[in-house]
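Step one of this worksheet: look at the structure below.
Residues take their numbers from the sequence shown, with the count starting at 1. Atoms considered below: every heavy atom in the structure, side chains included; atoms not considered: hydrogens, waters and symmetry mates.
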Amino acid sequence: MEAKTAYNKALKLIQRATWVLSCAVDADGWPDNAYRTNFANIYRYPSLAKKIDYKKLENYFPINKYSSRLKQFLLCPKTTLYFYDISTGEICQLKGKMDVVKNPARRAELWQEEWQRQFPEGVNDEDFMLIHFQADILQYYDGFSDSFWGPLKEAFEDKPLTKNKKNAWPARNINLVK
């Protein structure tokens with residue numbers, strides 16, 4: 001699959017996914033996964049559609065200041081976001097870095113009323129932190145037989161890429177019984 005095609009399909013999957021699995025690395029070096037609300041879903045969060053640069057495959061998440069997950073991101077900002085559509089079999093995995101948004105204007109601009117439950121004082125709640133994810137690597141599988149793994153920048157270049165091996169990603173092709 002061409003990088004640009006994979007990027008366009010991945011973007012559509014990301015923009016319709018309700019949840020995203022995020023994976024951080026804990027202090028002992030173990031992967032630590034957690035489901036998060038996908039604020040890049042343009043249908044559920046249309047107010048964010050003009051505030052987030054989806055084309056760069058970025059995302060934002062609210063988080064508690066004392067969260068162990070926030071400590072993990074600060075210790076090791078490398079993060080993976082994993083999107084899956086059970087109805088189509090599509091998989092998109094983004095690898096990138098998570099950082100804390102320190103700009104108060106940006107935090108206020110992205111504030112969502114539903115976050116009030118977790119942060120009763122609103123955008124000025126002392127526990128409210130906002131983290132930003134920026135993708136560097138795109139991995140996409142179309143649910144049938146074609147996939148792309150590579151740096152995100154390749155999705156913006158018009159040169160052809162070496163095609164990945166067929167069925168390189170789908171788990172259904174792995175025989176666990178020997």
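No continuous path of hydrophobic side-chain contacts links Val20 to Val25 [ILVMFWY only; heavy atoms under 4.5 Å]. Cluster membership for Tyr45 and Val123, using ILVMFWY side-chain heavy atoms within less than 4.5 angstrom, is shared. Residues Trp19 and Ile91 share a hydrophobic cluster, clusters being chains of Ile/Leu/Val/Met/Phe/Trp/Tyr side chains in contact below 4.5 Å.
Taking CD from Gln139 and CZ from Phe148, the interatomic distance works out to 9.5 Å, rounded to the nearest 0.5 Å. A distance of 6.5 Å separates CD1 of Ile52 from CD of Glu58, quoted to the nearest 0.5 Å. Taken from CD1 in Ile14 to OH in Tyr7, the straight-line distance is 8.5 Å, to the nearest 0.5 Å. Going from atom CH2 of Trp30 over to atom CG of Asp26 covers 8.5 Å, rounded to the nearest 0.5 Å. Here Arg44 contributes atom CZ and Phe39 contributes atom CZ; the two are 7.5 Å apart, rounded to the nearest 0.5 Å. The distance from the NZ atom of Lys9 to the CG atom of Leu138 is 12.5 Å, given to the nearest 0.5 Å.
For the residue pair Asn41 and Ala17, the shortest heavy atom distance occurs at ND2-O, 3.1 Å.
Not a single ring-ring contact (aromatic ring centres under 6.0 Å, His included) links Tyr84 to another residue, sequence neighbours left out. For Ala135, the side chain to side chain contact (heavy atoms under 4.5 Å, CB included) partners are Leu57, Leu94, Phe133, Leu152, not counting sequence neighbours. Residues passing the side chain to side chain contact (heavy atoms under 4.5 Å, CB included) test with Leu21 are Asn33, Tyr35, Tyr82, sequence neighbours excluded. Under the rule for a salt bridge (Lys or Arg N to Asp or Glu O under 4.0 Å), Asp136 has no partner lying at least two apart in sequence or in another chain. For Thr88, the side-chain hydrogen bond (donor to acceptor under 3.5 Å, both in side chains) partners at least two apart in sequence or on another chain are Glu90. Scanning for side-chain hydrogen bond (donor to acceptor under 3.5 Å, both in side chains) contacts around Gln72 gives Asp32, Arg69, with sequence neighbours left out. Asn38 is linked by a side-chain hydrogen bond (donor to acceptor under 3.5 Å, both in side chains) to Asn59, counting only residues two or more places apart in sequence or in another chain.
In terms of modelled atom types and a separation under 3.5 Å, the side chain of Asp142 and the main chain of Ser145 share a donor-acceptor contact. In this structure, Thr79 contributes its side chain and Pro77 its backbone to a donor-acceptor pair below 3.5 Å.
Put simply, the side chain of Leu70 reaches to within 4.5 Å of the side chain of Met129, judged on heavy atoms. Residues Gln112 and Ser47 have side chains in contact (heavy-atom distance under 4.5 Å, counting atoms from C-beta outward). Using a 4.5 Å heavy-atom threshold, the side chains of Ile63 and Arg36 count as touching. Using a 4.5 Å cut-off on side-chain heavy atoms (C-beta onward), Leu110 and Leu130 make contact. A 4.5 Å side-chain heavy-atom check between Met1 and Tyr140 finds at least one atom pair inside the cut-off. Contact check for Gln93 versus Phe83: no side-chain heavy atoms found under the 4.5 Å cut-off. For the pair Ile131/Val101, no side-chain contact is recorded, criterion being any heavy-atom separation below 4.5 Å from C-beta on.
Heavy atoms from other residues, nucleotides or ligands lying under 6.0 Å from NZ of Lys51 number more than 12.
Judged as a salt bridge (charged side-chain N to carboxylate O under 4.0 Å, His left out), the pairs with a partner in residues 73-85 (not counting sequence neighbours) are, in order, Arg16-Asp85. Counting only residues at least two apart or on different chains, the ring pair (Phe, Tyr, Trp, His ring centres under 6.0 Å) pairs with a member in residues 47-78 are Tyr60-His132. Sorted by first and then second residue, the side-chain hydrogen bond (donor to acceptor under 3.5 Å, both in side chains) pairs involving residues 117-128 (not counting sequence neighbours) form an empty list. Residue pairs meeting the salt bridge (charged side-chain N to carboxylate O under 4.0 Å, His left out) criterion with at least one member in residues 97-115, sequence neighbours excluded: Arg106-Glu109.
Under the 6.0 Å cut-off for aromatic ring centres, Trp111 and Phe128 qualify, their centroids lying closer than that.
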